[in-house]
Structure formats: C-alpha cells, structure tokens
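Take a look at the structure below.
Computed from a prediction, not measured in an experiment: that's the story for all the values here.
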Amino acid sequence: KQLMKEGMHIRLLRAMSMFQGSKKIQTQVCTALGNVAFDNHKIQSELVESTDIVEKILRAMEAHGHSAAFLETACHTLQNLVHNNHKMSNLFGDRACAAILRSMKKHEERERLQVRACWALDTFALNKNICSALYNMDAHVRIVRAMKIHEDKETVQRYALGALEVLSRKKDGIQLLVDSRVCEFVVHAMEKYYQSEPVQIQGCWAVYNLLQDSNGRSRLVYLDVHSVLSLSLSSHKDSLQVKKWGKLALATLLDL
C-alpha cells in the first residue's frame with residue numbers, strides 16, 4: 001500500500017519500459033507489483049484500470065519467452081491481479097490465459113512452470129466468462145498434457161487437478177473433458193497419490209463435478225471410481241475436505 005501511495009508503482013512500470021531487455025528487472029518489477037496486488041481489490045483495480053501493467057507483462061512474456069523462470073513469475077503476477085476479483089478477470093483474463101497456455105506449451109518439461117500456470121488457470125477459471133474462454137482455448141488439453149508429462153510429480157498433479165476441478169463445474173463442458181480423457185487422468189492421479197491429501201481433495205471434488213453429467217458418469221463407472229473414492233476416504237479419515245467431497249461423490253455415484 002505504501003508503494004502505491006508514494007507512486008512507486010509508476011516508477012516500476014516505467015522501469016519495465018526502459019529496460020525491456022533485462023529479464024532481471026522485468027522479474028523484480030513483476031514480483032513487487034504482484035505482491036502488493038494480491039487479494040487487494042483497490043490496488044488491483046488501480047493497477048489494471050489506471051496503468052498499462054497487463055500490456056507490459058504480456059509484452060515481457062513475449063520478449064522473454066525463452067526463460068521459464070520469468071514466465072513463472074509473470075503467471076504469478078497475472079494471477080495475483082485477479083485473485084478474488086472477477087471484475088479484473090473480465091478485463092484481461094482471456095489475453096492472460098492465452099499467454100499462460102503459450103508458456104505451458106513452450107516449456108512443457110518445466111515442472112515449476114506447469115505448477116504455476118495450472119494454479120493461475122484455476123484462479124482465472126473461477127470467472128464463468130473466462131472459464132468458457134478457456135474451453136475455447138483447449139486449456140483442458142494443455143492441462144492433461146502437463147499431467148501426462150509430469151506423471152511422477154505430485155505438485156503438478158495437484159494443481160492440474162485444481163484447474164480441472166474448476167473447469168468441470170461448467171456442466172456443458174464435461175463432454176469435452178471426457179473426450180480429452182480427463183476422467184482417466186483424474187482417476188490415475190488419485191490412485192497414484194492416494195496418500196496425498198491435496199490430490200485427494202481436488203480429485204474427489206473433480207469426480208463429484210464430472211458425475212453431474214451422464215457422459216462423465218459412464219466413463220467414471222467404467223474406470224471403477226467407486227474403489228478410488230473408497231480408498232481416498234479410508235486413507236484420509238481425519239480430512240474434513242476429503243470426507244466432504246469424497247462422500248458427496250460416492251453418494252452421487254450410488255444414486256445412479
């Protein structure tokens with residue numbers, strides 16, 4: 001807040017313009033502005049509506065697209081600019097998500113970038129308009145690709161499941177998820193990381209969402225999701241969130 005009062009954000013943005021070729025300065029500015037914007041609607045609005053911060057970040061992502069480390073920072077900053085603020089998402093979410101997905105494609109093997117990008121997509125997808133845009137961009141295909149490449153990385157599976165869980169809240173998009181083998185990847189992650197509470201929370205929640213559609217139900221029944229849910233519940237008896245979403249998913253399954 002003090003940074004904003006003293007006009008430092010203007011000087012920082014000016015530095016981004018003056019030193020566009022410096023990855024270090026671009027990273028430092030994105031980090032600083034992202035930190036002050038996190039969960040503060042007033043600062044988010046001032047930065048997005050009164051400055052060209054988004055354009056500068058997107059331009060920097062193009063200029064330094066070779067640097068996975070910088071792209072991680074940029075994804076984080078874009079995410080913080082819309083955290084708990086759907087209005088900001090409406091203003092630039094589609095452009096930001098397109099840039100994030102390009103980053104994921106360019107650096108498929110970079111675990112940390114895939115984690116940060118999936119987390120950012122999760123945040124943007126909470127806005128229904130942006131969620132629809134993400135389907136049009138085939139974001140689910142890119143997320144599944146990350147899960148396939150980083151099958152042995154629990155953190156990638158966790159945040160990818162988080163993004164898929166939010167996308168699966170859109171019932172008319174579930175057929176696309178089923179066609180992209182999302183059900184298979186959700187079930188596989190839950191089986192492989194049955195001891196990971198975060199994976200089980202996101203997995204059970206995603207399963208519950210997918211069960212709301214007949215295509216999702218058919219696929220999950222075929223994959224014996226009942227056994228996966230039972231294992232999740234028995235392995236995390238003290239987790240309120242696993243119990244909540246696991247029992248809801250199981251009850252929905254048994255009602256079929």
Side-chain angles (χ1 to χ4, degrees), residues 68 71-72 75-76 79 97-126 130-131 133-170 173-213 215-225 227-229 231-232 235-236 241-242 245-246 249:
L71 293 175
E72 290 168 28
C75 288
H76 190 194
Q79 178 184 12
C97 288
I100 291 168
L101 290 168
R102 285 195 296 271
S103 299
M104 292 179 73
K105 182 177 181 179
K106 189 175 184 67
H107 297 280
E108 288 186 328
E109 303 294 334
R110 180 71 175 235
E111 175 189 354
R112 289 180 57 184
L113 175 58
Q114 299 301 312
V115 169
R116 177 54 65 185
C118 284
W119 196 355
L121 293 176
D122 181 333
T123 300
F124 278 101
L126 290 169
I130 304 305
C131 185
L134 283 168
Y135 271 102
N136 292 333
M137 297 178 198
D138 286 337
H140 51 290
V141 176
R142 180 52 51 191
I143 294 168
V144 165
R145 174 73 174 165
M147 295 180 77
K148 182 177 181 180
I149 292 175
H150 300 278
E151 179 185 2
D152 296 326
K153 303 298 182 181
E154 186 268 342
T155 51
V156 174
Q157 301 298 312
R158 170 187 175 182
Y159 287 100
L161 284 173
L164 290 174
E165 181 280 307
V166 179
L167 286 172
S168 64
R169 296 180 194 181
K170 184 176 171 60
I174 291 180
Q175 181 61 61
L176 288 173
L177 300 184
V178 173
D179 291 343
S180 300
R181 302 185 67 239
V182 163
C183 294
E184 283 83 347
F185 280 89
V186 170
V187 169
H188 180 65
M190 292 179 70
E191 288 177 327
K192 187 176 180 68
Y193 297 100
Y194 71 93
Q195 293 182 321
S196 169
E197 181 181 359
V199 166
Q200 297 307 309
I201 292 172
Q202 299 297 342
C204 288
W205 197 345
V207 167
Y208 171 74
N209 294 342
L210 291 164
L211 285 170
Q212 307 307 310
D213 176 85
N215 296 298
R217 288 196 296 270
S218 298
R219 177 58 62 180
L220 287 168
V221 168
Y222 174 77
L223 295 169
D224 192 22
V225 75
S227 297
V228 178
L229 292 170
L231 177 61
S232 180
S235 300
H236 299 276
Q241 288 298 305
V242 171
W245 294 108

Next on the checklist: Between Leu177 and Cys183, is the side chain to side chain contact (heavy atoms under 4.5 Å, CB included) condition met? List the steps.
Outcome noted: CA-CA 7 Å; Leu177 300 184; Cys183 294; over 6 Å; no
Next on the checklist: Assess the residue pair Ser227 and Asp224 against the criterion (side chain to side chain donor-acceptor pair (under 3.5 Å)); give the C-alpha distance rounded to whole Å, side-chain angles, the decisive distance to 0.1 Å, and a yes or no.
Outcome noted: CA-CA 6 Å; Ser227 297; Asp224 192 22; 2.7 Å; yes
Answer whether the closest heavy-atom distance between the side chains of [X] and [Y] falls below 4.5 Å.
X      : Y      : value
Cys97  : Ile130 : yes
Leu167 : Ile143 : yes
Arg219 : Leu210 : no
Cys204 : Gln241 : no
Ser232 : Val242 : yes
Val144 : Arg181 : no

Value rounded to 0.5 Å, distance of [atom1] in [X] from [atom2] in [Y]:
X      : Y      : atom1 : atom2 : result
Gln202 : Gln157 : CD    : CD    : 12.5 Å
Leu121 : Cys75  : CG    : SG    : 8.0 Å
Ser168 : Tyr208 : OG    : OH    : 11.0 Å
Leu161 : Gln200 : CG    : CD    : 9.0 Å
Ser180 : Asp138 : OG    : CG    : 7.0 Å
Leu231 : Glu191 : CG    : CD    : 8.5 Å

Quick one: closest heavy-atom pair of [X] and [Y], and the distance?
X      : Y      : answer
Ile100 : Ala117 : CG2-CB, 3.6 Å
Ala189 : Val199 : O-CG1, 3.8 Å
Leu211 : Ala249 : CD1-O, 3.3 Å

If we ignore hydrogens and angles and just use 3.5 Å, is the side chain of [X] paired with the main-chain N or O of [Y] as donor and acceptor?
X      : Y      : answer
His236 : Tyr194 : yes
Tyr193 : Lys153 : yes
Arg158 : Pro198 : no

Checklist entry - Passes side chain to side chain donor-acceptor pair (under 3.5 Å), Gln175 versus Asp213? Steps please. => result CA-CA 8 Å; Gln175 181 61 61; Asp213 176 85; over 6 Å; no
Next on the checklist: One pair to check against side chain to side chain contact (heavy atoms under 4.5 Å, CB included): Asp122 and Tyr159. What are the steps and the verdict?
Outcome noted: CA-CA 8 Å; Asp122 181 333; Tyr159 287 100; 5.9 Å; no
Checklist outcome for this item: In Val228, Val207, Val186, Val178, the residue satisfying side-chain contact (heavy atoms from CB on, under 4.5 Å) with Leu220 is Val207
Check: [X]/[Y] side-chain N/O donor and acceptor closer than 3.5 Å:
X      : Y      : value
Glu111 : Thr155 : yes
Gln79  : Arg116 : yes
His107 : Gln114 : no

May I ask you to decide whether [X] forms a salt bridge with [Y], counting only side-chain N to carboxylate O separations under 4.0 Å?
X      : Y      : answer
Glu108 : Arg142 : yes
Glu154 : Lys192 : no
Glu165 : Arg169 : yes

Next on the checklist: Can you classify the ring geometry of Tyr135 versus His140 as parallel (below 30°), tilted (30 to 60°) or perpendicular (above 60°)?
Outcome noted: tilted
Checklist entry - Is there a side chain to side chain donor-acceptor pair (under 3.5 Å) between His188 and Glu151 once you walk through the steps? => result CA-CA 9 Å; His188 180 65; Glu151 179 185 2; 2.7 Å; yes
